[in-house]
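Below you'll find the structure, written out as structure tokens, and then a few comments.
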Amino acid sequence: MSSPEDLRRLPESDLRAVADELRAETIDAVSVTGGHLGAGLGVVELTVAIHHVFDTPRDRLIWDVGHQAYPHKILTGRRDRIRTLRQAHGLSGFTKRTESEYDPFGAAHSSTSISAGLGMAVARDLSGGHNNVIAVIGDGAMSAGMAYEAMNNAGAMHSRLIVILNDNDMSIAPPVGAMSAYLARLGSGRTYLKLRDVGKQLTRRMPARLDRAITRAVEHARGYVTGGTLFEELGFYYVGPIDGHNLDHLLPVLKNVRDANVGGPVLIHVVTQKGKGYPPAEASDDKYHGVNTFDVVTGAQAKPKANAPAYTRVFAESLMKEAERDDKIVAITAAMPSGTGLDLFAQKFPTRSFDVGIAEQHAVTFAAGLATEGYKPFCAIYSTFLQRAYDQVVHDVAIQKLPVRFAIDRAGLVGADGATHAGSFDIAYLGCLPDMTIMAAADEAELVHMVATAVAYDDGPIAFRYPRGEGVGIEMPEFGVPLEIGRGRIMREGTRIALLSLGTRLAEALKAAENLAAYGLSTTVADARFAKPLDRALVRKLAAHHEVLVTIEEGSSGGFGSMVLQALSDDGALDGRGRTPLKVRTMVMPDVFLDQDKPDRLYAQAGLDAKAIVAKVLEMLGRSEEAAKSLIA
């Protein structure tokens with residue numbers, strides 16, 4: 001079987017065997033590649049049922065977040081490449097439009113599916129089409145306001161849209177059985193819908209207010225029997241809950257919804273179990289949400305040897321130490337407690353830790369409210385997820401100059417998760433805001449000091465960024481010491497070349513300085529520490545005493561390098577009056593979205609490793625590497 005067309009030719013009696021094979025193939029593939037496992041295992045039967053009932057790709061199928069779509073990829077012609085998942089030049093770990101016609105919408109961040117699906121449904125209506133649009137969204141993703149904004153709009157527009165709520169935490173409905181399956185089948189069937197339409201025709205002859213009151217009462221009554229009153233209020237026809245692992249329950253309901261003329265959006269509530277069918281995942285607290293490579297038989301995950309503590313853990317442990325001494329410190333995360341390390345903080349300070357769900361906008365404004373009352377909120381959010389709360393950062397925090405502390409994890413390139421999770425833009429999008437203080441840790445010891453700096457700083461918002469993965473193996477301080485705001489440090493003194501680094505590229509800058517010394521080029525290396533306020537005295541010193549100045553950062557154009565250029569321009573240091581003109585270059589991430597790969601290879605590809613720094617300096621001096629070597633010889 002190589003496509004959903006083949007699946008649709010099979011009798012329903014064969015689909016159980018297909019689901020079992022699909023589950024086994026998903027487990028085996030992820031054991032080789034690592035990645036997201038539990039979510040995909042939870043939707044195996046649902047994936048088989050959807051592709052059997054609906055005419056994909058003509059019928060548009062959108063998987064929210066996309067990490068639940070591994071079984072979907074296997075069924076849609078990508079089985080032969082599934083073991084390239086999350087590898088260089090391989091399949092994406094999420095849905096991706098350029099990868100397959102069966103992926104009509106790319107998604108790696110949560111809660112976008114209903115909005116995108118509504119857009120596709122309206123486009124279909126405008127074009128006079130008749131295909132179905134199906135959005136599959138998890139109950140966790142339903143905690144984001146964007147999902148409700150989309151549902152509210154969909155309910156008002158009356159376009160035909162099918163939303164499947166994948167409830168894998170039983171957070172909305174209790175366990176389901178034969179009666180709920182029967183009610184779902186009955187409620188989605190043509191007989192009930194015809195009776196519903198006849199009733200509507202009768203009440204339409206009554207005064208408008210009475211018609212509206214009777215219709216609402218009937219739908220409310222149905223909601224009390226089946227659940228789903230909230231969705232009915234938003235204008236959706238609710239069906240469910242049904243067992244998402246029982247094909248005998250799923251198939252008739254999906255067919256009924258496909259064939260019925262509901263005249264508006266439908267929500268099918270499906271209850272599933274994350275990690276279903278793989279005992280190690282079922283027994284795990286996180287249901288094997290994200291895994292390294294693992295042994296299929298035992299479930300034991302491969303653990304790479306750690307040479308240094310992970311930045312995320314350093315942040316969490318540093319914050320815990322500070323919180324022991326300061327009871328005003330509180331921690332906030334948006335559905336990523338383990339990803340940000342705040343699960344550790346929550347174990348020790350359960351009343352001072354808040355997981356607000358997939359609601360970054362709310363997280364930031366919630367933190368702002370805490371700050372108004374004298375608390376010290378640490379808002380720990382990935383760089384790319386903080387992008388979702390930009391208006392709140394500006395309007396609710398920066399304009400009011402509230403001391404919210406932003407711990408920005410996943411800054412820089414992230415490896416297997418690819419472009420959707422690479423923290424490339426936070427320096428640029430925060431650096432343009434008045435009164436925003438931005439730090440970037442060069443190593444794990446610096447991160448400890450930056451946590452202490454954020455605790456001590458009350459004059460406005462402050463952010464500190466750090467990457468995914470391990471530190472550099474430096475000696476760690478027992479306690480952090482607040483840094484002087486806006487002051488960098490000289491790491492190595494030289495006379496001709498100046499390398500000014502922000503963040504963890506410092507190790508590569510120091511390595512580049514060693515290589516440049518071999519060419520007879522004396523090199524200063526400085527760690528800016530702060531992107532804002534910029535250490536202008538340090539920048540002036542480097543500009544005044546060196547022929548070449550290169551800035552290096554793990555961020556896009558418009559960030560730290562642009563701030564340095566602005567400062568040099570303001571000082572007239574680029575005018576070239578009275579001495580040899582200063583040569584300045586900024587090394588930033590390329591103006592493209594980089595696909596997944598190993599981080600070291602990505603940084604080489606981005607031109608931000610030691611080799612690229614050396615090449616940049618030699619180019620500025622008008623030398624090739626070969627010519628420089630010959631001069632030394």
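With contacts defined as side-chain heavy-atom distances shorter than 4.5 Å, the pair Arg601/Lys598 qualifies. Side-chain atoms of Thr523 and Leu499, non-hydrogen and from C-beta on, do get closer than 4.5 Å to each other. A heavy-atom distance below 4.5 Å is found between the side chains of Met587 and Lys616. A heavy-atom distance below 4.5 Å is not found between the side chains of Leu386 and Asp426. Val291 is listed as a side-chain neighbour of Phe294, based on a closest heavy-atom distance under 4.5 Å. Taking 4.5 Å as the limit, some side-chain heavy atom of Leu594 sits within range of a side-chain heavy atom of Leu413. For the pair Ile332 and Val356, the minimum side-chain heavy-atom distance is below 4.5 Å. A heavy-atom distance below 4.5 Å is found between the side chains of Leu608 and Ile552.
By the side-chain hydrogen bond (donor to acceptor under 3.5 Å, both in side chains) test, Thr504 is found to be paired with Glu554, residues two or more places apart in sequence or in another chain being considered. Scored by the ring pair (Phe, Tyr, Trp, His ring centres under 6.0 Å) test, Phe105 finds no partners at all (sequence neighbours excluded). For Phe378, there are no ring pair (Phe, Tyr, Trp, His ring centres under 6.0 Å) partners at least two apart in sequence or on another chain. Every residue two or more places apart in sequence or in another chain was checked for a salt bridge (charged side-chain N to carboxylate O under 4.0 Å, His left out) with Glu149, and none qualifies. For the ring pair (Phe, Tyr, Trp, His ring centres under 6.0 Å) test, residues two or more places apart in sequence or in another chain that qualify with Tyr382 are Phe385. When the ring pair (Phe, Tyr, Trp, His ring centres under 6.0 Å) test is applied to Tyr390, the partners found at least two apart in sequence or on another chain are Tyr429. Contacts of Thr495 classified as side-chain hydrogen bond (donor to acceptor under 3.5 Å, both in side chains), with partners at least two apart in sequence or in another chain: Ser522.
Salt-bridge formation is not detected for the pair Lys611/Glu508: no Lys NZ or Arg NE/NH1/NH2 atom is positioned less than 4.0 Å from an Asp or Glu carboxylate oxygen. Using a 4.0 Å cut-off between charged side-chain N and carboxylate O, Arg529 and Asp535 make no salt bridge. Lys96 and Asp103 are not joined by a salt bridge, as no carboxylate oxygen comes within less than 4.0 angstrom of a charged side-chain nitrogen. The existence of a salt bridge linking Lys321 and Glu317 is excluded, since no basic side-chain nitrogen approaches an acidic carboxylate oxygen closer than 4.0 Å.
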(request) Before giving the answer on side chain to side chain contact (heavy atoms under 4.5 Å, CB included), spell out for Val397 and Val364 the whole-Å C-alpha distance, their side-chain angles and the decisive distance to 0.1 Å. (result) CA-CA 8 Å; Val397 176; Val364 171; 3.7 Å; yes
(request) Applying side-chain hydrogen bond (donor to acceptor under 3.5 Å, both in side chains), run through Gln566 and Asp570 and close with a yes or a no. (result) CA-CA 6 Å; Gln566 180 73 51; Asp570 291 344; 3.1 Å; yes
(request) Report the C-alpha separation of Val393 and Leu433 in whole Å, then their side-chain angles, then the decisive distance to 0.1 Å, and conclude whether the side chain to side chain contact (heavy atoms under 4.5 Å, CB included) test is met. (result) CA-CA 9 Å; Val393 173; Leu433 300 180; 3.8 Å; yes
(request) With side chain to side chain contact (heavy atoms under 4.5 Å, CB included) as the test, would you mind laying out the steps for Leu430 and Phe406 before giving the verdict? (result) CA-CA 11 Å; Leu430 294 178; Phe406 294 100; 5.6 Å; no
(request) Go through Asp326 and Ile329 one step at a time and tell me if the side chain to side chain contact (heavy atoms under 4.5 Å, CB included) criterion holds. (result) CA-CA 6 Å; Asp326 189 337; Ile329 291 173; 3.9 Å; yes
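Taking CG from Asp575 and CG from Leu582, the interatomic distance works out to 11.0 Å, rounded to the nearest 0.5 Å. Between the CG atom of Asp459 and the CD1 atom of Ile485 there is a distance of 8.0 Å, given to the nearest 0.5 Å. With rounding to the nearest 0.5 angstrom, the OG1 atom of Thr340 is 10.0 Å from the CG atom of Leu319. The distance from atom CE of Met589 to atom CG of Leu602, rounded to the nearest 0.5 Å, is 9.0 Å. To the nearest 0.5 Å, the span separating CG on Leu502 from CD on Glu553 amounts to 6.5 Å. For the atom pair CG (Asp609) and NZ (Lys511), the distance works out to 8.0 Å, reported to the nearest 0.5 Å.
Residue pairs meeting the salt bridge (charged side-chain N to carboxylate O under 4.0 Å, His left out) criterion with at least one member in residues 349-364: none, sequence neighbours excluded. Legend: salt bridge (charged side-chain N to carboxylate O under 4.0 Å, His left out) pairs involving residues 555-564, not counting sequence neighbours: none detected. Among residue pairs with one or both ends in residues 580-591, those qualifying as salt bridge (charged side-chain N to carboxylate O under 4.0 Å, His left out) are Glu547-Lys583; sequence neighbours excluded. Pairs of residues two or more places apart, or lying in two chains, that qualify as salt bridge (charged side-chain N to carboxylate O under 4.0 Å, His left out) and include a residue from residues 404-424 are Arg86-Asp417, Arg405-Asp458, Asp417-Arg468.
In terms of modelled atom types and a separation under 3.5 Å, the side chain of Thr524 and the main chain of Ala498 share no donor-acceptor contact. Formation of a donor-acceptor pair under 3.5 Å by the Ser353 side chain with backbone atoms of Phe345 is not found in this model. Ser383 places no side-chain N or O within 3.5 Å of a backbone atom of Ile408 that could act as its donor or acceptor partner. In this structure a side-chain-to-backbone donor-acceptor pair under 3.5 Å is missing from Asp527 to Arg489. Panel note: side chain Arg536, backbone Leu568; no donor-acceptor pair is recorded below 3.5 Å. The main-chain N or O of Thr112 is found under 3.5 Å from a side-chain atom of Asp64 such that the two form a donor-acceptor pair. A side-chain donor-acceptor contact under 3.5 Å links His449 to the backbone of Val481. Side-chain atoms of Lys532 come within 3.5 Å of backbone N or O of Gly431 as a donor-acceptor pair. One N or O on the side chain of Thr453 and one on the backbone of Leu483 form a donor-acceptor pair closer than 3.5 Å. Side chain of His109 to main chain of Thr420: a donor-acceptor pair is present (N/O by atom type, distance under 3.5 Å, no hydrogens or angles).
The aromatic rings of His36 and Phe94 lie tilted to each other, with the angle between the two planes from 30° to 60°. Ring geometry for Phe315 against Phe464 counts as tilted: the plane angle lies between 30° and 60°, on a 0 to 90° scale.
For the residue pair Asp343/Gln347, the side-chain donor-acceptor check at 3.5 Å is not satisfied.
Atom CZ of Phe479 has more than 12 neighbouring heavy atoms from other residues, nucleotides or ligands inside a 6.0 Å radius.
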Ignoring hydrogens and angles, write down the donor-acceptor pairs under 3.5 Å from the side chains of residues 437-445, residues two or more places apart or on other chains.
from   : atom 1 : to     : atom 2 : distance (Å)
Thr437 : OG1    : Tyr457 : OH     : 3.4
Asp443 : OD1    : Ala445 : N      : 3.0
Asp443 : OD1    : Glu446 : N      : 2.8
Glu444 : OE1    : Val472 : N      : 2.8
Glu444 : OE2    : Val472 : N      : 3.3
Glu444 : OE2    : Gly473 : N      : 2.8
Glu444 : OE2    : Ile474 : N      : 3.1

